[in-house]
Amino acid sequence: MEEKPSGLLVLYASQTGNAMDAAERVGREAERGGCPSVTVLSMDRFDASRLPDEKTVIFVVSTTGQGDAPDSMKAFWRFLLQRNLNNRWLEDLHYAVFGLGDSGYQKYNFSAKKLDKRLSDLGAKSIIKKGLGDDQHHSGYEGAFDPWLSSLWNMLNHMNPTILPRVSDISNSHMKTLDHSKFQVIYHNADEVEVHVSTISDLKSTEKMIESTRSMSPALCFCDDNKPHHFLRMITNQHLTKVDYGRDVRHFEFEALSPGMDYQVGDVVEILPSQDPIAVDAFIQHCNLDQDCYITVQPRDNEKQSIDSHVKSLMHPVKLKDFVALTMDVASASPRRYFFEVMSFYATAEHEKERLQYFASPEGRDDLYQYNQKERRTVLEVLEDFPSVQMPFEWLVQMVPPLKTRAFSISSSPSAHPNQVHLTVSIVSWITPFKRKRHGLCSSWLAGLDPFESKGVYIPAWIRRGIRKMIFYTRISGYLMHKIMGCYRRRRAEGSLLLSLEISPRRSMCSIR
Ligand SMILES: Cc1cc2nc3c(=O)[nH]c(=O)nc-3n(C[C@H](O)[C@H](O)[C@H](O)COP(=O)(O)O)c2cc1C
């Protein structure tokens, strides 16, 4: 019989990046502990039918929507639910599950709980009790993750020292050595590249550049759906709320620049927001980068990161400034804890080094959470707070959170408005604990566009099939909530069109499906 691999497989499913970050940390610590082979993979890049071939798998999964699994877990989960899998299918597998969730939601950490149960039902042996990270904890999910991870290492070492021979190296090596950056940046001769780009029309060249650039982004996982389905032009930007009302809700209308946009009621449009060019310039300047040079980005270890050949064919040289603007969220997302650890290696001022080391240590975890996540400190703000740090671009490419597309439910119908999409969007802004005003990147950018003056602004967009027929969210008063519930019950009794109704009293929100 073929020997099973003695290494560790870490499978994660993440919607907004936290579970990916946590999984990367599991992988890094396992390597530090001497694990002979560690592979960290998003669940959608692993063939679930091969699970019985593995010996030890650590699952790190978040919960999204209303108790839903992240998109990258859906196919994997469907496979596990097949009836023909019996209770001995995974009898040789050892596993551990860590979930990321928010106990403010009714279906707290549902993905992790369901996955843990199903793995156990299929005969897999749990190494330790599942861990549940909670956004409501004063240190975020790491409040539960830190102790869970150290128990996992102790247990693994105890169970099978060949998988993890040196537990003490994990805690002791903290911040003494820096791992290698996983990606390399290759610089190209500008003359060769320019000829290629200038032969294509404006919109086509923008499309190609977005596809190439985003296909090379490490954090976007070298996936292959980076070519915008459409470019949209805003034609209406209308206030739905009065100026003195607490919230700013807008009605946006967009027109596709080329014909043939197709969608159904209930579908979703994903929009790639533009970053503030001043912030992008400030980042490039702060990091001493040459904005006009051409680059490609590749994994250092080609064997480990098996990139699809289609994605490889998209990896053309792009301008460094475009790479930053289109893939690296420098002015809205907060960096992760590991960012601070890496920064500490490159700080030349002693007091900055000490502060960064403290932030990256277990003792500094709560203070980091208050300074960084709670304040939604941006990458640019953090770098400006630690001016002596000069991180190599390779590290920045790996560590800066990706610029993500934002998904909006479409509120129009293609039969009524062919080749258009209409959105109803609440413009996001909030005050941090230190009284700093923050704005949602995409909604604020859209709100700031003037349909008459922004004719040359092409908005890259992707149409995605909606999971449910129709979703309608609204913030409502308690009185109205009860009226809606009454109406819903009556209509359900009458067998009319509403399918289900969910109420979140904590947020005074209701969703009618
Ligand atoms: C839109 C949205 C929906 C969420 N729904 C749930 C939920 O139903 N249950 C839960 O426990 N946590 C929920 N969460 C909290 C996330 O699971 C938590 O923030 C987690 O850290 C996200 O991890 P990720 O970035 O890997 O997706 C939700 C978060 C968001 C933004």
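Whatever order the structure lists ligands and atoms in, that order sets their numbers, starting from 1. A quick note: this is a predicted structure, and the numbers were derived from the prediction, not measured.
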Looking at Y338, is R28 sitting on its ring face, NZ or CZ under 6.0 Å from the six-membered ring centre and within 45 degrees of the normal? yes
So, does T432 use its side chain to make a donor-acceptor pair with the main chain of R436 at under 3.5 Å? yes
side-chain contact (heavy atoms from CB on, under 4.5 Å) for F231 and F254? Distances and angles first, verdict last. CA-CA 9 Å; F231 281 100; F254 305 90; over 6 Å; no
Considering the options F345, F340, Y346, which one meets the side-chain contact (heavy atoms from CB on, under 4.5 Å) requirement together with L356? F340
For atom 16 (C) of ligand 1, the option (of D102, L132, T63) bearing the nearest heavy atom: T63
Of F110, Y105, Y12, the one whose closest heavy atom lies nearest atom 6 (C) of ligand 1 is Y105
Which residue owns the protein heavy atom closest to atom 9 (N) of ligand 1, what's the atom, and how far is it? K107 O, 3.0 Å
Could you identify the single nearest non-hydrogen protein atom to atom 11 (O) of ligand 1 and state the distance to 0.1 Å? N109 N, 2.7 Å
List every atom of ligand 1 that sits less than 4.0 Å from any heavy atom of S14, numbering the atoms from 1 in the order shown and giving each element. 24 (P), 25 (O), 26 (O), 27 (O)
Residue, atom and distance of the protein heavy atom nearest atom 18 (C) of ligand 1 read D135 OD2, 3.3 Å
For ligand 1, which atoms have a heavy atom of A19 less than 4.0 angstrom away? 24 (P), 26 (O)
For atom 21 (O) of ligand 1, grab the closest protein heavy atom and report residue, atom and distance to one decimal in Å. N18 ND2, 2.9 Å
Under 4.0 angstrom from atom 4 (C) of ligand 1, is there any protein heavy atom? yes
Counting non-hydrogen protein atoms only, what is the nearest one to atom 25 (O) of ligand 1? Give residue, atom name and distance. T16 OG1, 2.3 Å
Are F59 and F98 close enough that their ring centres sit under 6.0 Å apart? no
For R247, is there any backbone N or O sitting under 3.5 Å from a side-chain donor or acceptor partner on T241? yes
Say whether, by atom type as modelled, one donor and one acceptor occur between the side chain of H422 and the main chain of E253 under 3.5 angstrom. no
Got an N/O contact under 3.5 Å between Y108 and ligand 1? no
Could you tell me if R45 sits above the aromatic ring of F76, with its cationic atom closer than 6.0 Å to the ring centre and no more than 45 degrees from the axis? no
So which heavy atom in the protein is nearest atom 8 (O) of ligand 1, and how far is it from that ligand atom? G67 N, 2.7 Å
Please check whether L100 reaches ligand 1 - meaning an N/O of the residue sits under 3.5 Å from an N/O of the ligand, judged on distance alone. yes
Where on Q66 is there a heavy atom closer than 4.0 Å to ligand 1, on the side chain, on the backbone, on both, or on neither? backbone
Shortest protein contact, atom 23 (O) of ligand 1 (heavy atom only): S62 CB, 3.2 Å
Ligand 1 contact on Q15 by region, counting heavy-atom pairs under 4.0 Å: both
Within the distance-only criterion (no hydrogens, no angle test), does the side chain of K55 pair as donor or acceptor with the backbone N or O of L93 below 3.5 angstrom? no
What pair of heavy atoms forms the shortest contact from Y108 to D134, and how long is it? OH-CB, 3.3 Å
